There are 2 protein chains.
Amino acid sequence: MAVTLKDIARHVGVSVTTVSRALGGYDDVAETTRQKILRAAEELGYYPSVTARQLQKQRTDTIGFVIPTFGPRFSDPFFSELLAGIGNEAARHNFDLLVCTRSPDSPEEEEAYRRLVDGRRVDGMLVVRTRVDDPRLSFLKQRHFPFVAFGRSHADENSPYLDVDGHHGLYQAVRHLIDLGHRRIAYISAPLNLTFALHRLQGYRDALQEGGLKYDEELVHVGYLTEEDGYQAAHRLLALDRPPTAIAVANDLMALGAMRAAHERGLTVGRDVAITGFDDIPLAAHAHPPLTTVRQPIYEIGRRICQMLIQIITGEPLDNYHLILEPTLILRQSSGPAQ
Amino acid sequence: MAVTLKDIARHVGVSVTTVSRALGGYDDVAETTRQKILRAAEELGYYPSVTARQLQKQRTDTIGFVIPTFGPRFSDPFFSELLAGIGNEAARHNFDLLVCTRSPDSPEEEEAYRRLVDGRRVDGMLVVRTRVDDPRLSFLKQRHFPFVAFGRSHADENSPYLDVDGHHGLYQAVRHLIDLGHRRIAYISAPLNLTFALHRLQGYRDALQEGGLKYDEELVHVGYLTEEDGYQAAHRLLALDRPPTAIAVANDLMALGAMRAAHERGLTVGRDVAITGFDDIPLAAHAHPPLTTVRQPIYEIGRRICQMLIQIITGEPLDNYHLILEPTLILRQSSGPAQ
DNA sequence: CTTGACATCCGAAACGTTTTGGATTATAAT
DNA sequence: ATTATAATCCAAAACGTTTCGGATGTCAAG
């Protein structure tokens, strides 16, 4: 069906080896035959079989990425931006990207890893939303398979990661709320099996403590990072006998949900209640009112972890196996002084 | 490095053929040797090389998907949901998904298609956001390569697509606005090289005409489907001498931007100005106020086009090569009666 | 005229599978 | 005892590349 080296060889009257070497730019083929070969390749419309090459070279020039999706209706602007960063960086290095969508900690997720890694479908894996004691990381480490994680894990001092200092991020946000005079500050957390959730929660607690406020379990709720969960949690928080005057939230999507809940209760966000997010997805700047949030450079993160992985795969030395980025607090109108 | 059939063969003392057939479940291998082989495979940790299989079987069980991204900071909830639909359906059929991110109509996009198709990296392609006279479709048709498009194109009566009736969608939305008493209805369109933009625009025009309103160029602006563009367009529309009392928008993200512009001008959306979107991304229901929009089942669309493509690849008969889904108008609070 | 160097080419093996078309042996039927 | 049949097995080719280690021919230097 498709045109192969053999076809060109037959057409020109030369061996397959010579065709391969002519096309490969080796200098042990005469200029005139090279020309003939190039012309024939052009005429016949030759394009090398990537699969055959992969088999021969024993590498795929492909990186694998399993996106953790919660539920069927999955729509997270965070991931589309991360994916763009990863994809563009991969393309820059002529790497392809193999993507799967699986719900976290499911048998399907494990199966996907087996297939990509053990089936040698990819040269390296990108792991995101690391969990404490993450089975994906143990799997990869056990097989000595190249990977880079976005997010730290339990005992991972010998595996490469890039992470954002969520502790400091949330510390800044809560500190900011305290400076605004808030004394009753709630927190909507991410599920605590995610490592970043622990860091951010601790940042919240440390800021409270330093501000002389005491940690109150009643003021901490957990949501699965969706707008809907943020909405529900905020409703419950604002229905308390002594409701909080400020709510820090573990990500922007839930913060948008929290804002909606506040609106629904007739509160003006930024005046009656302060709300902060985390991520700075594009929508955050465009919320109503614009959302005060902790910015992490999502696109850049995608680019960087992809770059790190490719360096590991190609054997280039990595200047740093552990990167912690500092997030920055972005002040907007959703957080105002306490009444 | 990795364990191969040959390793098992050597270990058990049998030929590679027999190992392959034992593992493949053929019945021409004795039960006792099969057991020995299975045990050895287990012990040695055998997993077949996907690449070698692909080369031999001349298919990849992979489908390709090039996501059109505008600019580096790309973050579209639409695509993450579509991707989930595609990815899950692919997984259900044991297909992998190869994803690229390229800006539309760029040389890089063309290169990606050459690589995936001519390099036989994938068995079929999914094309989204079809354009009038789409070079991607001509490319695929010329090569007789399996593909399914989300969205119609110019002369594509012989190529499979799934589309949503954008004409009727926008017709419903504008009709709804007219019924609410609006007489000056603006429209924020998508770029007109996208086929769906044409359909929706025509739906807008036809609804106007049927309602006895005349089409006014001044009231139609074009945006690149981002929140920011919707924001800008709405600002310009609302700054007109005779501003519209209602704005229909070609997608939800721009509609959210339009809502923000209206708020900024001190208008209450749903009372002072009516706004409708298109898509019904999850965020639409959670906007403030909730967005009246035309719902297209994004996840389901991803699932369906993926399913169609796999049927084409595997040679199963397709009941219908052209599917038009009817979108439904979802009434929420962003659209109220004219003052 | 021989030798060595260089330019140009190619056969064969390898990558890890699957598949084709027998070969060999044991078993049952005549 | 012979023959047909079934049960097991396997060598080799194929998929489309790349690469190793020569082979061949030409030409200039000795």
Side-chain angles (χ1 to χ4, degrees), chain A residues 1-38 40-41 44-62 94 96 115-123, chain B residues 1-38 40-41 44-62 94 96 115-123:
Chain A
M1 185 95 335
V3 180
T4 72
L5 288 185
K6 204 197 283 186
D7 296 320
I8 302 183
R10 191 159 354 107
H11 193 262
V12 178
V14 88
S15 83
V16 168
T17 305
T18 303
V19 177
S20 174
R21 298 189 71 83
L23 264 38
Y26 288 76
D27 64 350
D28 65 346
V29 30
E31 195 49 35
T32 62
T33 57
R34 150 168 291 124
Q35 289 306 333
K36 274 193 281 189
I37 288 171
L38 287 181
L44 303 181
Y46 172 75
Y47 200 101
S49 157
V50 176
T51 309
R53 250 192 211 172
Q54 287 178 350
L55 181 59
Q56 148 68 28
K57 307 206 106 156
Q58 291 292 83
R59 26 160 254 237
T60 60
D61 288 339
T62 304
N94 293 313
D96 287 325
R115 175 169 172 74
L116 298 192
V117 173
D118 290 342
R120 284 143 281 168
R121 273 234 74 178
V122 301
D123 293 337
Chain B
M1 187 95 333
V3 180
T4 72
L5 287 185
K6 204 199 284 186
D7 296 321
I8 301 182
R10 190 156 358 104
H11 192 264
V12 178
V14 89
S15 83
V16 169
T17 306
T18 304
V19 177
S20 174
R21 299 189 70 84
L23 262 35
Y26 288 77
D27 64 349
D28 64 347
V29 29
E31 195 47 35
T32 63
T33 58
R34 149 169 290 124
Q35 288 307 332
K36 273 193 280 187
I37 289 171
L38 287 180
L44 302 180
Y46 172 76
Y47 201 100
S49 157
V50 176
T51 309
R53 245 189 217 176
Q54 287 177 349
L55 181 60
Q56 148 69 27
K57 307 206 107 155
Q58 291 292 85
R59 24 161 256 228
T60 61
D61 287 340
T62 305
N94 293 313
D96 286 325
R115 175 169 172 73
L116 298 192
V117 173
D118 289 342
R120 285 143 280 167
R121 273 235 73 180
V122 301
D123 293 337

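Proteins get letters first, then strands, A, B, ... in listed order; numbering begins at 1 in each. From a predicted model like this one, the values you see are computed outputs, not experimental measurements.
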*For A:R120 and B:P48, which heavy atoms make the closest approach, and how far apart are they?*
NH2-C, 3.6 Å
*asked:* Whole angstroms only, please: what is the CG-P distance between B:D118 and D:dG16?
replied: 15 Å
*Return the value, rounded to whole Å, for the distance between atom CZ of A:R34 and atom P of C:dA7.*
14 Å
*Could you state the CD1-C1' distance from A:I37 to D:dT18, rounded to the nearest angstrom?*
15 Å
*Just how far, in rounded Å, is P of C:dC15 from CZ of A:R121?*
21 Å
*Whole Å only: how far is the NZ atom of B:K57 from the C1' atom of C:dT20?*
15 Å
*Please state how far atom CG in B:L55 lies from atom C1' in C:dT18, giving the value in whole angstrom units.*
11 Å
*Atom-to-atom span, CG of B:L44 to P of C:dG16 - whole angstrom*: 15 Å
*If you measure from CD on A:Q58 to OG on B:S49, what distance do you get to the nearest 0.5 Å?*
7.0 Å
*Ignoring backbone atoms, test whether A:Q58 places a side-chain nitrogen or oxygen under 4.0 Å from the OP1 or OP2 oxygen of D:dT17.*
no
*asked:* With salt bridge (charged side-chain N to carboxylate O under 4.0 Å, His left out) as the criterion, how do B:D61 and B:R53 come out once you've worked through the C-alpha distance, each side chain's angles and the decisive distance to 0.1 Å?
replied: CA-CA 10 Å; B:D61 287 340; B:R53 245 189 217 176; over 6 Å; no
*Side-chain (B:D123) to main-chain (B:T60) donor-acceptor, under 3.5 angstrom*: yes
*asked:* Contact list please: residues 20-30 of chain A against DNA chain C, heavy atoms, distance less than 4.0 Å, in numerical order.
replied: A:D28, A:V29, A:A30
*asked:* If you compare every side-chain N and O of B:Y47 against the phosphate oxygens of C:dG16 (OP1, OP2), does one of them come in below 4.0 Å?
replied: no
*The side chain of A:R53 lies closest to which of these nucleotides: C:dG16, D:dC9, D:dT17?*
D:dT17
*Want to settle it: does B:T32 or B:Q56 sit nearer the 5' end of DNA chain D, counting the closest nucleotide to each?*
B:T32
*Are the side chain of A:R34 and the backbone N or O of A:Y26 linked by a donor-acceptor pair below 3.5 Å?*
yes
_Five pairs per end, C1' atoms only: what is the angle between the end axes of the helix from C:dC1-D:dG30 to C:dT30-D:dA1, to 10 degrees?_
70°
_Nearest 0.5 Å, please: how far is CD in B:Q56 from CG in A:L55?_
11.0 Å
*How close do A:A22 and A:V29 get, heavy atom to heavy atom, and via which atoms?*
CA-CG1, 3.8 Å
*Specify the separation, in whole Å, of atom CZ of A:R120 and atom P of C:dT17.*
6 Å
*Which residues in residues 5-17 of chain A have at least one heavy atom lying under 4.0 Å from any atom of DNA chain C?*
A:V14, A:S15, A:T17
*asked:* For B:T4 versus B:D7, what's the shortest heavy-atom pair and its separation?
replied: N-OD2, 2.8 Å
*A:T51 near the nucleic acid: base, sugar-phosphate alone, or nothing, with a heavy-atom cut-off under 4.0 Å?*
nothing
